[in-house]
Amino acid sequence: SHVARRNGALSSKQMNKSDGGAQPVITQMGWFHRPDPVSGIPVSVQQQMWYPDPNGAPIAKGALTICRERGLAGIDTCMKRDELRSLLGNQPDFASVKPELQEAVEERGHILLFGPKCHPECMPIEMCWAHVKQYCRQHCGNSIVALRKSLQYALSVQHLSVKLHTAFSDHCWKWIEAYSKESNGLAVYEALEALKKTHRHHRKGNNKEVPVPVQVIQ
């Protein structure tokens, strides 16, 4: 999953209620704020998510133990596992952990932006792939050699130009702006129905092979 966290990162999703068991061992240190007993000023306290057994092997702490160590209000043994998971998942240290993919992208100096789920009309990359597939359908010539040839050109900058990418982005931003103004999804659909009709992704191809200025991939 693109939102999966790296192994050992803070995550309450697979925690047991009790210590040990089949739950993964979290190696990343947690943290929380606790009032200083003298000044009363909140100070940051680090929390280890496991403890060693008599042989030195790590035993993962359960959600109940972690919540008790933090002194969270309203914690008792009657709470269900999912309630404890939800409580920990909303703690600042757990909530601030980024997906592994985002960490890798940002380490290389880039910015990763997540789009809304189940809304391909707001994602320019979806229009890009639709344009590529449409071209390949129209020029594949019903052969794998022609398909490879068409795909190589369809993915090139000659075909997917900056101007085309700009048009895709403009189209998607119209959907995003409409969603930001309308709370009713049906109203958004009706307002942009004309746009959808002019950008049908799936058109029937003629299956004719058209020469393109690239070499065939062997």
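Leu112 and Val3 end up in the same hydrophobic cluster when Ile, Leu, Val, Met, Phe, Trp and Tyr side chains are linked at under 4.5 Å.
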Gln28 vs Arg6, side chain to side chain contact (heavy atoms under 4.5 Å, CB included): CA-CA, chis, key distance, verdict: CA-CA 10 Å; Gln28 181 180 0; Arg6 60 178 173 81; 3.7 Å; yes
Audit row: Leu87, Cys67, side chain to side chain contact (heavy atoms under 4.5 Å, CB included) steps and yes/no: CA-CA 8 Å; Leu87 183 61; Cys67 289; 4.1 Å; yes
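Atom CD of Gln23 is separated from atom OG of Ser11 by 11.0 Å, given to the nearest 0.5 angstrom. Taken from NZ in Lys174 to SG in Cys122, the straight-line distance is 14.0 Å, to the nearest 0.5 Å. The distance from atom OG1 of Thr166 to atom NE2 of His171, rounded to the nearest 0.5 Å, is 14.5 Å. With values rounded to the nearest 0.5 angstrom, Met123 atom CE is found 8.5 Å from Ile176 atom CD1. Here the CD atom belonging to Glu69 is positioned 8.5 Å from the CZ atom belonging to Arg34, to the nearest 0.5 angstrom. Rounding to the nearest 0.5 Å places CE of Met127 at 10.0 Å from CG of Asp170.
Within the 4.5 Å cutoff, the side chain of Gln46 has no heavy atoms near those of the Gln48 side chain. The closest side-chain heavy-atom distance from Leu88 to Met15 is below 4.5 Å. With contacts defined as side-chain heavy-atom distances shorter than 4.5 Å, the pair Lys133/Cys136 does not qualify. Two residues are said to be in side-chain contact when any heavy atoms from C-beta on lie closer than 4.5 Å; Pro42 and Asp36 fail this criterion. The closest side-chain heavy-atom distance from His139 to Lys149 is not below 4.5 Å.
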Anything under 3.5 Å between a donor and an acceptor, one on a side chain of residues 73-82, the other on a protein residue two or more places apart or in another chain? List them.
unit_1: Asp76; atom_1: OD1; unit_2: Cys78; atom_2: N; d: 2.8
unit_1: Asp76; atom_1: OD1; unit_2: Met79; atom_2: N; d: 3.3

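Residues Ala9 and Val97 share a closest heavy-atom pair of CB-CG1, 4.1 Å. Across all their heavy atoms, Leu160 and Cys128 have their closest contact at CD1-SG, 3.5 Å. Across all their heavy atoms, Ile66 and Met49 have their closest contact at CD1-SD, 3.6 Å. The two residues Pro58 and Trp50 make their nearest non-hydrogen contact at CB-CE3, 3.5 Å. Heavy-atom minimum distance, Leu10 versus Gly30: CD1-CA, 3.9 Å.
Between Tyr135 and His131, the distance separating the two ring centers is not shorter than 6.0 angstrom.
Enclosure of atom CD1 in Ile111 is not indicated, since only 12 or fewer non-hydrogen atoms of other residues, nucleotides or ligands lie within 6.0 angstrom. When the shell of 6.0 Å around NZ of Lys98 is examined, it contains 12 or fewer heavy atoms from other residues, nucleotides or ligands.
Within the 3.5 Å criterion, the main-chain N or O of Ala146 finds a donor-acceptor partner in the side chain of Ser150.
Residues Arg5 and Glu103 are not paired through a salt bridge, judged by the lack of any N-O separation under 4.0 Å between the basic side chain and the carboxylate.
Remark: His2 engages Phe114 in a ring-ring contact (aromatic ring centres under 6.0 Å, His included) (not counting sequence neighbours). Scored by the salt bridge (Lys or Arg N to Asp or Glu O under 4.0 Å) test, Arg70 finds Asp93 as partners (sequence neighbours excluded). Take Trp173 and apply the ring-ring contact (aromatic ring centres under 6.0 Å, His included) test, not counting sequence neighbours, and it matches no residue.
Sorted by first and then second residue, the pairs that involve residues 20-48 and meet ring-ring contact (aromatic ring centres under 6.0 Å, His included), not counting sequence neighbours, are Trp31-His33.
Think of Tyr51 as one node in a network of Ile, Leu, Val, Met, Phe, Trp and Tyr side chains linked at under 4.5 Å; its network also takes in Ile59.
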